[in-house]
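Chain letters run A, B, ... following the sequence lines, proteins first and then strands; every chain starts at 1.
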Protein chains: 2
Amino acid sequence: MTEDTADGGQCPTPERFTQARAAQSMAVLEDYAEMIDDLAQELGEARITDIAARMGVTHPTATKAVARLKREGLAVSRPYRGVFLTEQGAALAARVRMRHRVVVDLLVAVGVPQETAEIDAEGLEHHVSDVTLKAFETFLARR
Amino acid sequence: MTEDTADGGQCPTPERFTQARAAQSMAVLEDYAEMIDDLAQELGEARITDIAARMGVTHPTATKAVARLKREGLAVSRPYRGVFLTEQGAALAARVRMRHRVVVDLLVAVGVPQETAEIDAEGLEHHVSDVTLKAFETFLARR
DNA sequence: ACAGAAATGTAGCCAAGGCTATAAATCAAG
DNA sequence: CTTGATTTATAGCCTTGGCTACATTTCTGT
Ligand SMILES: [Mn+2]
Ligand SMILES: [Mn+2]
Ligand SMILES: [Mn+2]
Ligand SMILES: [Mn+2]
């Protein structure tokens, strides 16, 4: 017998919420890392002003986010200069970009309009586990 | 010509992030509303202790969340008594439960293990737009 | 070279959502 | 009816991620 909660398995367990909160705490880091990587490719470097504009926030908010990235070892920067990802930050950006793309592709594959897929993916991407991502890739390869 | 950003459409627009942040600000409200509804069905009423235990937080945290629910007109309660959803709160809970179920079903349909689907859905559900939800339902009906 | 514009930094405010510690109320036995 | 256990409330702290206002630095055009 594998049932010790005495319900059909539909009762949400606290760990689910804990897990969702943990994923959420990574979301901002992930989006900024990806954006900095985007800007580095497009413009050579990521300036605070550009980061803020693209993230849809004011520049002090972007500065704070970058401070957190630096604290977590994902980025480096010197005062009044651009922001650059560390190796670790670049690796995160790459993973996030890949996940984003797979999520969008899956949404489109099941019938979601491209525009909507792009918008929803921006939130969804942070809650797709490795197992789910792999399932998405397999589904996309086989369909 | 519909292209004024001069890129292939892969450049994230600030509105995407703004939208994701808006969705996130509803997430806690949605999860608590659904949980209170669960407890009301199972036990007749939702007590703070039970809410906290199931959400995986301490009871002061649950109290604060309930305070916000009350402030937003989604729940009512009197001191030292259970928490009850308003009509509006119950409607939200119903929508959220439905969305959660559809998300899990879709994940399973594309090959995600049930256990993983349940865990990931807890975060994903808050970022699925109405358009995407409809697409999921259509996909599930047709497959 | 310098002045004005633009970018960046910084201080300080707010709300949300975590927490611990402590007080008060309710409930359950005896 | 009391009393001890449980539940709930409240105060206060922390971090995060928004914001505005203002100071400082860098860049740019003449
Ligand atoms: Mn995102
Ligand atoms: Mn993304
Ligand atoms: Mn949820
Ligand atoms: Mn849910």
Among the candidates D:dT26, C:dG18, C:dG17, find the nucleotide nearest to the side-chain atoms of A:Tyr80. D:dT26
Here the distance between atom C1' of D:dT16 and atom CD of A:Glu72, to the nearest Å, is 11 Å
Of the listed nucleotides D:dG17, C:dG18, D:dA9, the one nearest the side chain of B:Thr63: D:dA9
What is the distance, to the nearest angstrom, from the CZ atom on A:Phe17 to the P atom on C:dG18? 11 Å
Got a salt bridge between A:Asp38 and A:Arg54, using NZ or NE/NH1/NH2 to carboxylate O under 4.0 Å? no
I need the OH-P distance between B:Tyr32 and C:dA16, as an integer number of Å. 14 Å
Euclidean distance, atom NE2 of residue A:His126 to atom P of D:dG17 [Å, nearest integer]: 12 Å
Check each residue of residues 41-62 of chain A for a non-hydrogen atom within less than 4.0 Å of any atom in DNA chain D, then write out the ones that pass by number, or none. A:Val57, A:Thr58, A:Pro60, A:Thr61
Considering heavy-atom distances to DNA chain D, does A:Pro79 or A:Ser25 have its closest nucleotide positioned more toward the 5' end? A:Ser25
N or O in side chain of A:Arg81 less than 4.0 angstrom from C:dT8 OP1/OP2: no
For residues 118-143 of chain A, which residue pairs pass the ring-ring contact (aromatic ring centres under 6.0 Å, His included) check, not counting sequence neighbours? A:His127-B:His127
Over all heavy atoms of both residues, which pair between B:Val102 and B:Leu140 is shortest? Give the atoms and the distance, please. O-CD1, 4.0 Å
Looking at side-chain heavy atoms only, is the closest gap between A:Asp120 and A:Val112 below 4.5 Å? no
Between B:Thr86 and B:Gln88, a side-chain donor and acceptor under 3.5 Å: no
OP1 or OP2 of C:dA16 under 4.0 Å from side-chain N/O of B:Arg71: yes
Hey, which of these two, A:Lys64 or A:Arg78, hits DNA chain C nearer its 5' end, going by closest nucleotide? A:Arg78
Hey, what else clusters with B:Tyr80 if you join Ile, Leu, Val, Met, Phe, Trp, Tyr whenever side-chain heavy atoms sit under 4.5 Å? none
Rounded to whole angstroms, how far apart are CG on B:Asp31 and P on C:dA16? 17 Å
B:Lys70/B:Glu72 ion pair, N-O < 4.0 Å: no
